[in-house]
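To start, the structure under review is shown below, and the notes come after it.
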Amino acid sequence: MAKIVGILNTSHVPAIGKAIHQNLQQDPYWKPFFDGFPPIRAWLDRVKPDIVVSCFNDHGLNFFLDKQPTFAIGAAPEYRSEDEGWGIPTMPSFPGAEDLSWHIRDRLIRDEFDMVTCQEMLVDHAFTLPMALLWPEQKWPVRSVPVCVNTVLFPLPSARRCYKLGEAIGRAIAAFPEDAKVLVIGSGGLSHQLEGERAGFINKEFDLKFMDSMVNDPQWATQFSDVDLVEQAGNEGVELLSWLIARGTVAGAVKVVHSNFHIPISNTAAATMLLEPV
Amino acid sequence: MAKIVGILNTSHVPAIGKAIHQNLQQDPYWKPFFDGFPPIRAWLDRVKPDIVVSCFNDHGLNFFLDKQPTFAIGAAPEYRSEDEGWGIPTMPSFPGAEDLSWHIRDRLIRDEFDMVTCQEMLVDHAFTLPMALLWPEQKWPVRSVPVCVNTVLFPLPSARRCYKLGEAIGRAIAAFPEDAKVLVIGSGGLSHQLEGERAGFINKEFDLKFMDSMVNDPQWATQFSDVDLVEQAGNEGVELLSWLIARGTVAGAVKVVHSNFHIPISNTAAATMLLEPV
Amino acid sequence: MTARQQKRTIPGAPIFDSDAAREGYALNKMCYSFNSKANRDAFVSDERAYCQQFGLNQEQTRAILERDVLSLIRAGGGVYFLGKLAGGVLGLDMQDIGALQTGMSKEEFKAKLVAAGK
Amino acid sequence: MTARQQKRTIPGAPIFDSDAAREGYALNKMCYSFNSKANRDAFVSDERAYCQQFGLNQEQTRAILERDVLSLIRAGGGVYFLGKLAGGVLGLDMQDIGALQTGMSKEEFKAKLVAAGK
Ligand SMILES: [Fe+3]
Ligand SMILES: [Fe+3]
């Protein structure tokens, strides 16, 4: 039977892609962020997940406002990264975990989540950067299931709805008949705001409380509306919805394997948390 | 305030588009179907709806399996019909009821329906044929809100989920601050099956029971799973899900203004029902 | 693929589910392209080449060339997509398709439909 | 448009909601096209013509030509789409954009970010 072996939540920022490309991991600006990953890679070497279920938000690569999903799931044999207009180099394509994708998709529809099913999907930096941070050689030892949440067009799915989606994904994974170790990724946040007169807004206190809640009160953030989240975490801080989906997949308690928090990377409070079910 | 003045449920079949194009309304084969509409047009002349909310299923024109929604809603200034590969002539474009579209869309997201929002949408015969049957001049005196349900890829949204979507749309319409008379259309069914060794399957008894349930037991069909519906109504009979969405928009009782049922049109049990809230 | 769970089946009523969608993706994508006349014409001018261009496998290509509708469905074709081939490219109506699949003559198939209304 | 309902607003934090999406569709569609290098090059070679091709209105076109980010947002631009213009076409980084919008120098803006971590 499939089993969730860990949850890896992390920020993503296009600039990280360029820093990887330019080998700036030891540069004083970047080091505090990249130093969060060697302990996580040591954990990966030990635990060796087979499949990644990655929860993230598309930034206008695979989806546009002509057909803007609320929730979408990939069910494709592979996922390509592509020019997304930010100058981030593309990566080798990502093999899909098709059996698990379809299994989750079918269960989610039956659980009254109105998923968009994607037999082709381009994945942008929100999907690709966590992968490159976990496996810097960019030879993917895992197959993937991308799960995409709308953070573009308000109203967004509520934090509570996202958590419930995570719970449903968790139930589906637990019911998957194949032996597989699944790592769930949540990609986005934490506090940042790119636009408007308040551009550059960061809320360290909120972020630390949110990170703490992942362990001690996982549904804490579901009290907030989408606009509440903008107020607290900045317009793009709402990407923490992906963390909530990811956290929702594990019903019980989790412990922190490794955690890192650094302000700023680009305009963003950059956080990384590896959690393990206990 | 906006008010639902009627529900018009009808079958759609590509062949109807060709019959309209060839002026076959009085042909003995077609007459029993087209004769269902003059009483409905008399009602339209009297009631004069301002806006149509049309619930239907796309047959692979606007959507493909690369991005297959469960539920989608249009929010565009106009909707074009286009070559859909069946040889049906296109029609003049349909003006969108943008204010109502966005209003419904926003409410549905807050009600935990994971809609796809479409700022552009091509509409196929499932949308266009009921319009042409109601307004044969093809000068549309109404603005439209298209609501699209997946009947392509199983599992489909359950009959219960569709009914609940209808209820949520009904609540949204009731809360719309503009004075507007809304006609809700449900387009699809009734029993038919195009594929497989059982092609040509029609179930008159089920259809009559289903039509009766629209008035006397509107949630009757929500007991059936998608595969139950295939068994009862044939593979494409599942398109009756659009009738359930439409019926769900009116919480109270309805009465039949006019009803028509004829077997066969093409491979389909062709039904038309105009319902009025009481 | 893992062993499929026992699925409920309806005799003679093939369900376009996840397994079918997965197997038939290339076939359905080709049929989806028939929304455009240019593509329909390209298909007609060289059917086999067009199938190759969309990556259809051997069995799907054979079934296309032989108008073997039941095989196309078994190979993952969805009827809403196959319909664009049948109707828009081959000029068949739904009674032709029904007859092809049931082994009836077209007249027999039409009589069956009429009988369903009695 | 009907009178908008009272919306909750956060000072300095424009929300990309239904009203914005509706007003900004052409602008966002243009920015979405910048996923392709050919389109970015076409824009650079004649910015005004490219705006026209996508049906931008006068104010949107002006704001594009003048790199007036705040106006682009007020005219319905979504930041995930505008970012493709700023980053991929104009070569600005997010601190440049932040400085442009807040009236700070880039160094001041960066200092503000660093201060948020203390
Ligand atoms: Fe992001
Ligand atoms: Fe249909």
Side-chain angles (χ1 to χ4, degrees), chain A residues 13-15 18 29 32 57-66 68 82-88 122 124 151-156 191-204 207 225-232 234-238 261-270, chain D residues 7-22 24-25 28-29 31-37 39-40 69-70 72-74 77-89 91 93-95 97-104 108-118:
Chain A
V13 175
K18 297 183 208 172
Y29 182 84
N57 61 293
D58 180 81
H59 303 67
L61 174 66
N62 196 62
F63 298 110
F64 181 60
L65 299 165
D66 62 332
Q68 178 64 49
E82 207 164 85
D83 187 348
E84 47 183 295
W86 305 87
I88 309 169
L122 299 174
D124 78 1
T151 63
V152 173
L153 177 60
F154 284 65
L156 311 178
S191 67
H192 63 305
Q193 178 171 332
L194 305 178
E195 70 268 55
E197 294 82 353
R198 207 184 65 165
F201 175 81
I202 284 176
N203 186 345
K204 180 178 176 179
D207 290 338
S225 74
D226 51 6
V227 179
D228 289 337
L229 289 175
V230 169
E231 184 171 48
Q232 294 291 324
N235 291 56
E236 285 67 52
V238 300
F261 184 63
H262 173 71
I263 294 173
I265 288 300
S266 189
N267 294 13
T268 300
Chain D
K7 285 197 289 193
R8 182 168 162 222
T9 53
I10 312 287
I15 306 282
F16 188 72
D17 62 5
S18 298
D19 292 321
R22 187 170 166 179
Y25 190 66
N28 292 316
K29 192 169 175 176
C31 291
Y32 180 65
S33 79
F34 296 145
N35 281 332
S36 137
K37 177 155 186 344
N39 291 334
R40 296 193 293 267
V69 181
L70 289 176
L72 287 171
I73 290 166
R74 270 193 296 272
V79 75
Y80 291 127
F81 306 111
L82 293 176
K84 295 175 195 290
L85 171 68
V89 182
D93 67 25
M94 276 302 158
Q95 294 76 56
I97 308 289
L100 273 174
Q101 295 177 94
T102 55
M104 297 180 189
E108 285 167 346
F109 187 79
K110 290 172 82 167
K112 174 185 144 153
L113 294 168
V114 171
K118 301 301 174 197

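Residue numbers start from 1 in every chain, and the chains themselves are labelled A, B, ... in the order their sequence lines are given, proteins ahead of strands. Side chains are part of it too, since the values below use all heavy atoms of this structure and drop only hydrogens, waters and symmetry mates.
The contact between D:F109 and chain A is made entirely by side chain atoms (from C-beta outward), counting heavy-atom distances below 4.5 Å. In this structure, the portion of D:I73 lying under 4.5 Å from any heavy atom of chain A is its side chain and not its backbone. For chain D, the nearby part of A:S225 is the side chain; its heavy atoms alone come within less than 4.5 Å. Contact annotation for A:Y29: neither backbone nor side-chain heavy atoms come within less than 4.5 Å of a heavy atom of chain D. Heavy atoms closer than 4.5 Å to chain A are found in both the backbone and the side chain of D:V114. For A:N57, the part lying near chain D is the side chain, with the backbone staying farther off; criterion is any non-hydrogen pair under 4.5 Å.
The aromatic rings of A:F64 and D:Y32 lie parallel to each other, their planes meeting at an angle below 30°, with 60° marking the opposite boundary.
Residues satisfying the side chain to side chain contact (heavy atoms under 4.5 Å, CB included) criterion with D:A13, sequence neighbours excluded, are A:Q193, A:R198, A:V230, A:N235, D:I10.
D:Y80 is not listed as a side-chain neighbour of A:D58, based on a closest heavy-atom distance of 4.5 Å or more.
In terms of heavy-atom pairs under 4.5 Å with chain A, the best-connected choice from D:A116, D:S18, D:G88 is D:A116.
When every heavy atom of A:K204 is checked against every heavy atom of D:G117, the shortest pair comes out as NZ-O, 2.9 Å. Between A:L153 and D:A21, the shortest heavy-atom contact is CD1-CB, 3.6 Å. Of all heavy-atom pairs spanning A:D83 and D:K37, the tightest one is OD2-N, 3.8 Å.
A donor-acceptor pair is defined here as one N or O able to donate and one able to accept, closer than 3.5 Å; no such pair exists between the side chain of D:D93 and the backbone of A:S266.
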